[in-house]
Amino acid sequence: MADPERRWCFADQLGPHFLDRKDQPVLLIESRAVLRRRRFHRQKAHLVLSALRHRAAELGDQALFVQTGTYREALARVRGPLTVCGPTSRAAAEFTAGLDGVTVLPSRGFATGREHFEEWAAGRDGSHLLMESFYRGARRATGTLMDGDGPAGGRWNLDKENREPPPPDGELPLPTPYRPEEDDIDAEVREYLDAAERRGEMSFVGRDGPRRFPATRAEARRALRHFVENRLPTFGPYEDAMLAADPAMSHSFLSAALNLGLLDPMECVRAAERAWREGTVPLRSAEGFVRQVLGWREYMWHVYWHFGRGYARRNALRARRRLPRWFAELDADSVDARCLSSVLRNVRDQGWTHHIPRLMVLGNYGLQRGWHPAELSDWFHRCFVDGYEWVMAGNVIGMSQYADGGRIVTKPYAAGGSYINRMSDFCHDCVYRPTARTGEEACPYTGGYWWFLARNEERLSGNWRLAPQLRNLRRIDGLDAVVANERARGRP
């Protein structure tokens, strides 16, 4: 099986931009060991295998597609030089670096290089590497949403305009998100996973269901076009809002395709910018989407590598509680709190929710309860179709759980029921009242917020953004009762 400079593409490197030329020989490996080792969401396992097998089918004889137990077993069947773009996990990077006959190239699939980030970080205090500063530099470097030397519209960040609560009638008049059609490859993947599960070789969380996310480059491009034409115009104002009956709202559903390498981030950014310049999308929506892709996604990628292996083990708040079984197993039906039950149900049924339910419902609850940050990060990695180690390191360890002590955010993202009530319709018909701290109707988020502050008062005493809340802590009537109630609370 000798081939000149065959390009080994991992299962998250499936787009054409991972090849140097259209006819370049390719190696694709489907490793069973990955799915045997950990309990991924069933739909995530399906999506990754479907995308990998679709890519192999597209390439035909151009690709050597090896289905085997481990990567080493597959590589033993390949002769000749291999090149591989830098992998997205530290373990895979170390593995490829130690292989004879494999040349590791710089990473692809991101708009900014690691050198760009390190140069930017070197000029700042290492404890204050804030995304907003990096984002502005990325805008300048790529010329995105720029008018000359300044930002389009005169402002870099339109976030303050993009915090509207959901529409009062509880719905957005939008067409349904793009959905791909399954084919014979999907049927084969489903049969394979069913058989592996019956034999006890693999175990999954979540429910199986029709594939909702692109598995091919063509599907991903259609999904991008559908989003820009139909959903991007209202993305900006409602990007932080939540609706129980509409988990999609104006969001793109493109993160899985981006993280599989089916889309290049700059093609998404350029499509949004072009729509604004053509007058079909308001600037606040285009900028909001660009900030998610060129700002936050890029920043999370670089944070993963910059802070090193020990970052995933950071636990500044000394949170050590294990994830409860009902949460780990996505048992949404056993939860009474409408917000948490609704969001957990979305994860169970489709392996996805947008960024605010992740941060302010799931992450917020784990932060308040003192769940172990590494365990929660692993849960997000396994249970979300777009979840990868590099994605969750910064998003969960740094942002959601404040386990890095404030290296990338200026305060913990803890909030009570009033925030959820303002930004969603979850509190309607809920058994709990968002303003209640004690009693049978006490909102677990409201009581949990004050328990979180009381438990971490000393550790957070130097945080200027929390100073007003910490001053109010001892003014809370019956604080001891609130703390005792939340400490003893089982399922919310």
Side-chain angles (χ1 to χ4, degrees), residues 1-35 47-116 185 189 214-221 224 256-268 297-298 301-302 304-305 386 388-391:
M1 297 183 184
D3 288 295
E5 290 194 354
R6 186 179 290 273
R7 176 61 47 81
W8 174 15
C9 292
F10 281 87
D12 55 359
Q13 299 175 335
L14 301 181
H17 48 290
F18 291 94
L19 304 182
D20 294 338
R21 61 182 192 275
K22 287 185 177 180
D23 63 346
Q24 184 172 18
V26 174
L27 170 65
L28 298 171
I29 301 174
E30 182 182 300
S31 167
R32 293 187 295 272
V34 175
L35 296 179
L47 176 63
V48 172
L49 293 187
S50 177
L52 190 61
R53 295 184 185 188
H54 273 97
R55 183 60 169 151
E58 290 169 353
L59 291 171
D61 292 340
Q62 184 181 338
L64 172 62
F65 181 39
V66 184
Q67 296 169 293
T68 187
T70 67
Y71 287 120
R72 287 193 183 277
E73 291 174 7
L75 293 170
R77 297 168 56 181
V78 181
R79 293 196 304 273
L82 288 173
T83 59
V84 61
C85 298
T88 60
S89 77
R90 193 167 284 106
E94 293 173 354
F95 174 66
T96 55
L99 294 171
D100 293 332
V102 177
T103 301
V104 182
L105 306 173
S107 299
R108 300 186 189 180
F110 296 89
T112 56
R114 302 249 300 268
E115 299 80 6
H116 170 86
I185 291 178
V189 169
T216 69
R217 166 74 175 161
E219 289 178 346
R221 292 183 68 184
L224 173 60
L258 276 163
N259 293 350
L260 286 168
L262 297 172
L263 291 171
D264 183 271
M266 284 309 299
E267 81 179 295
C268 299
R297 182 177 185 269
E298 294 285 314
W301 164 250
H302 293 304
Y304 172 74
W305 296 103
D386 56 6
Y388 292 85
E389 184 178 288
W390 70 266
V391 175

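One is the number of the first residue; the rest follow in order along the sequence.
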Sequence neighbours excluded, which residues qualify as side-chain contact (heavy atoms from CB on, under 4.5 Å) partners of Ala97?
-> none
Quick one: salt bridge (Lys or Arg N to Asp or Glu O under 4.0 Å) partners of Glu267, sequence neighbours excluded?
-> Arg217
In chain order, what residues pass the side-chain contact (heavy atoms from CB on, under 4.5 Å) check against His54, with sequence neighbours excluded?
-> Ser50, Asp183, Ile185, Asp186, Arg211, Ala215, Thr216
Do you know which two heavy atoms are closest between Ser89 and Glu389, and how far apart they sit?
-> CB-OE2, 4.4 Å
Under the side-chain hydrogen bond (donor to acceptor under 3.5 Å, both in side chains) test, which residues partner Asp23, sequence neighbours left out?
-> Arg21
Listed by chain and number, what are the ring pair (Phe, Tyr, Trp, His ring centres under 6.0 Å) partners of Trp390, not counting sequence neighbours?
-> Phe110, Trp301
Please tabulate, one pair per line, all N/O donor-acceptor pairs under 3.5 Å involving side-chain atoms of residues 257-266, not counting sequence neighbours.
{"residue": "Asn259", "atom": "OD1", "partner": "Arg297", "partner atom": "NE", "Å": "3.2"}
{"residue": "Asn259", "atom": "OD1", "partner": "Arg297", "partner atom": "NH2", "Å": "3.1"}
{"residue": "Asn259", "atom": "ND2", "partner": "Asp386", "partner atom": "O", "Å": "2.9"}
{"residue": "Asp264", "atom": "OD1", "partner": "Met266", "partner atom": "N", "Å": "2.9"}

So with a 6.0 Å cut-off around CZ of Arg90, is the heavy-atom count from everything else above 12?
-> yes
Using the ring-ring contact (aromatic ring centres under 6.0 Å, His included) rule, collect all pairs that involve residues 78-106, keeping only residues at least two apart or in two chains.
-> none
side-chain hydrogen bond (donor to acceptor under 3.5 Å, both in side chains) partners for Thr70, two or more places apart | none
Does any pair with a residue in residues 61-75 pass salt bridge (Lys or Arg N to Asp or Glu O under 4.0 Å), and if so which ones, sequence neighbours excluded?
-> none
Applying side-chain contact (heavy atoms from CB on, under 4.5 Å), name anything that partners Val84, two or more places apart in sequence or on another chain.
-> Trp8, Phe10, Gln13, Thr96, Val102, Val104
Sequence neighbours excluded, which residues qualify as side-chain hydrogen bond (donor to acceptor under 3.5 Å, both in side chains) partners of Arg108?
-> Asp20
Results of side-chain contact (heavy atoms from CB on, under 4.5 Å) for Thr103 - residues two or more places apart only = Thr83, Leu105
When you measure from the centre of the six-membered ring of Phe18, is the NZ or CZ of Arg7 under 6.0 Å away and within 45° of the axis?
-> no
Rounded to the nearest 0.5 Å, how far apart are CD of Gln24 and CG of Leu19?
-> 5.5 Å
